[in-house]
*Asks:* 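Handing you a structure now.
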Amino acid sequence: MEDEYKPIIDKGNELKEIFQFLNVGKPLLITPTMDYHKVLWGITLTNSLLVENKKVRYFSLYETEDNMLGLIKKHHWHLRKNVLRSREAKGTFIEGKKNIDAIVEIINTDKPDVVIIDYFDNQFVQNISQLEEALIKLKLSSIKNETAVVIIYGVNPSDEDIKKYGDAVNEVFRNILENNVHKIISIRDANMVQICEPLL
């Protein structure tokens, strides 16, 4: 029966490297390069942190619990713990929490060890000002509650930002990440992880 609960894929060292960068204060950003990896890494991290007996809250901004169960079944992902149904993970997947204030309120109430937010993109954050405001709120909540925040992330400067800042848009964008992000971890494919400073 034990064989039924295998890791989704054997990331081993990659996950250990990510864990060492969990940081109370500035969020850790994970940037998958493929749509498939957004969900894969979110569930993999949640599962691995639960196995380490961490109290985890996973906020899926776009997927319902039923959809997540469907993805797990479709791709034959086997978990060491049943992330969605285990007692420890009760409420791990939060439906419809599409604003930062609602997430911050749950962090303040529940005080988890780690919060994972999937998927933080241009549909969720419309412009650079919203991105900065969201990161500051999460940073303050992280410090207050001693909660590490991981954001699965795909935000780029919007058309509105480009019009507003012109040639300086990328510098403004980098400055916001530098001031509010601990590390950026790029997932290039299923077995490649690149850990970067915010400016890179």
Side-chain angles (χ1 to χ4, degrees), residues 1-32 37-73 75-95 97 100 102-120 135 137-153 181-187 190-191 193 195:
M1 194 70 178
E2 186 65 30
D3 287 341
E4 184 180 343
Y5 299 101
K6 295 177 182 175
I8 295 167
I9 54 178
D10 184 14
K11 295 191 184 303
N13 291 335
E14 290 93 337
L15 283 175
K16 286 177 185 173
E17 288 205 26
I18 288 173
F19 289 167
Q20 72 175 307
F21 291 113
L22 291 178
N23 177 65
V24 171
K26 293 182 179 180
L28 179 70
L29 298 191
I30 296 182
T31 60
H37 290 152
K38 297 169 191 171
V39 175
L40 173 64
W41 276 86
I43 294 178
T44 302
L45 278 170
T46 301
N47 181 59
S48 298
L49 287 161
L50 287 169
V51 168
E52 296 292 321
N53 296 314
K54 299 290 186 184
K55 184 176 182 181
V56 187
R57 295 301 294 264
Y58 184 172
F59 297 92
S60 183
L61 301 176
Y62 300 105
E63 299 291 351
T64 65
E65 184 174 318
D66 285 344
N67 286 349
M68 299 302 280
L69 285 168
L71 284 165
I72 291 168
K73 185 176 180 182
H75 295 292
H76 308 290
W77 294 340
H78 299 289
L79 308 180
R80 280 174 281 179
K81 285 188 179 181
N82 187 334
V83 170
L84 293 178
R85 299 297 187 203
S86 70
R87 180 176 58 80
E88 297 91 334
K90 185 177 181 183
T92 293
F93 289 84
I94 306 296
E95 243 179 86
K97 298 295 181 185
I100 289 297
I103 293 174
V104 166
E105 185 177 337
I106 291 173
I107 295 172
N108 290 341
T109 303
D110 201 34
K111 303 185 188 308
D113 297 314
V114 184
V115 159
I116 299 172
I117 303 175
D118 170 19
Y119 180 62
F120 206 102
L135 290 175
K137 285 180 178 180
L138 288 168
K139 184 168 65 172
L140 293 173
S141 181
S142 171
I143 294 166
K144 176 182 175 185
N145 298 289
E146 297 186 348
T147 295
V149 175
V150 178
I151 300 172
I152 300 176
Y153 175 87
V181 171
H182 178 48
K183 295 281 182 187
I184 298 174
I185 297 183
S186 297
I187 311 297
N191 298 308
V193 175
I195 300 169

*Asks:* List the steps, then state whether side chain to side chain contact (heavy atoms under 4.5 Å, CB included) holds for Ile116 with Ile152.
*Replies:* CA-CA 7 Å; Ile116 299 172; Ile152 300 176; 4.1 Å; yes

*Asks:* Going by side chain to side chain donor-acceptor pair (under 3.5 Å), name the residues that satisfy it together with Lys26, two or more places apart in sequence or in a different chain.
*Replies:*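 Here no residue qualifies.
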
*Asks:* Return the set of residues passing ring pair (Phe, Tyr, Trp, His ring centres under 6.0 Å) with Tyr153 (not counting sequence neighbours), or none when no residue passes.
*Replies:*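 Per chain and number, Tyr153 pairs via ring pair (Phe, Tyr, Trp, His ring centres under 6.0 Å) with no residue.
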
*Asks:* Test your reading of the model: is there a side-chain donor-acceptor pair from Thr46 to the backbone of Gly42, 3.5 Å cut-off?
*Replies:*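 Indeed, once roles are kept as given, a pair shorter than 3.5 Å links the two residues.
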
*Asks:* Check side chain to side chain contact (heavy atoms under 4.5 Å, CB included) between Glu52 and all other residues, then give those that pass, not counting sequence neighbours.
*Replies:*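 Phe19, Lys54.
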
*Asks:* Might you work through the side chain to side chain contact (heavy atoms under 4.5 Å, CB included) test for Leu49 and Tyr58, ending with a clear yes or no?
*Replies:* CA-CA 11 Å; Leu49 287 161; Tyr58 184 172; over 6 Å; no

*Asks:* Would a distance-only check, ignoring hydrogens and angles, find a side-chain to backbone donor-acceptor pair under 3.5 Å from Ser142 to Thr147?
*Replies:*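 The answer is yes, because a donor-acceptor pair under 3.5 Å joins these two groups.
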
*Asks:* Once rounded to the nearest 0.5 Å, what's the spacing between atom CZ of Phe59 and atom CD1 of Ile100?
*Replies:*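 Atom-to-atom, Phe59:CZ and Ile100:CD1 are 9.5 Å apart.
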
*Asks:* Identify, with sequence neighbours excluded, every residue that meets side chain to side chain contact (heavy atoms under 4.5 Å, CB included) alongside Asp110.
*Replies:*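 Side chain to side chain contact (heavy atoms under 4.5 Å, CB included) check on Asp110 returns Lys55, Arg57, Ile106, Pro112.
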
*Asks:* Please give me the minimum heavy-atom distance between Ala148 and Val24, naming the atom from each residue.
*Replies:*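 Scanning both residues completely, I find the closest heavy atoms to be N-CG2, 4.3 Å.
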
*Asks:* Return the CG to CG distance between Asp113 and Asn145, rounded to the nearest 0.5 Å.
*Replies:*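 If we round to the nearest 0.5 Å, Asp113:CG and Asn145:CG are 11.5 Å apart.
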
*Asks:* Please tell me if the side chains of Leu45 and Val114 come closer than 4.5 Å, counting only heavy atoms from C-beta onward.
*Replies:*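 Result no, sub-4.5 Å side-chain heavy-atom pair not found.
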
*Asks:* Between Leu138 and Ile151, is a side chain to side chain contact (heavy atoms under 4.5 Å, CB included) present by the stated rule, with each step listed?
*Replies:* CA-CA 10 Å; Leu138 288 168; Ile151 300 172; 3.9 Å; yes

*Asks:* Run the side chain to side chain contact (heavy atoms under 4.5 Å, CB included) test on Ile103 and Leu61 for me, step by step, so that the C-alpha distance in whole Å, both residues' side-chain angles and the decisive distance to 0.1 Å come before the verdict.
*Replies:* CA-CA 10 Å; Ile103 293 174; Leu61 301 176; 4.0 Å; yes

*Asks:* Does any N or O in the side chain of Ser141 come within less than 3.5 Å of the main-chain N or O of Lys137, such that one atom is a donor and the other an acceptor?
*Replies:*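 Absent.
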
*Asks:* List in chain and number order the residues that pass side chain to side chain contact (heavy atoms under 4.5 Å, CB included) with Lys144, two or more places apart in sequence or in another chain; answer none if no residue qualifies.
*Replies:*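 Partners of Lys144 under the side chain to side chain contact (heavy atoms under 4.5 Å, CB included) test: Asn108.
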
*Asks:* Are Asn23 and Leu28 close enough that some pair of their side-chain heavy atoms sits under 4.5 Å apart?
*Replies:*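 Of all side-chain heavy-atom pairs linking Leu28 with Asn23, none is under 4.5 Å.
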
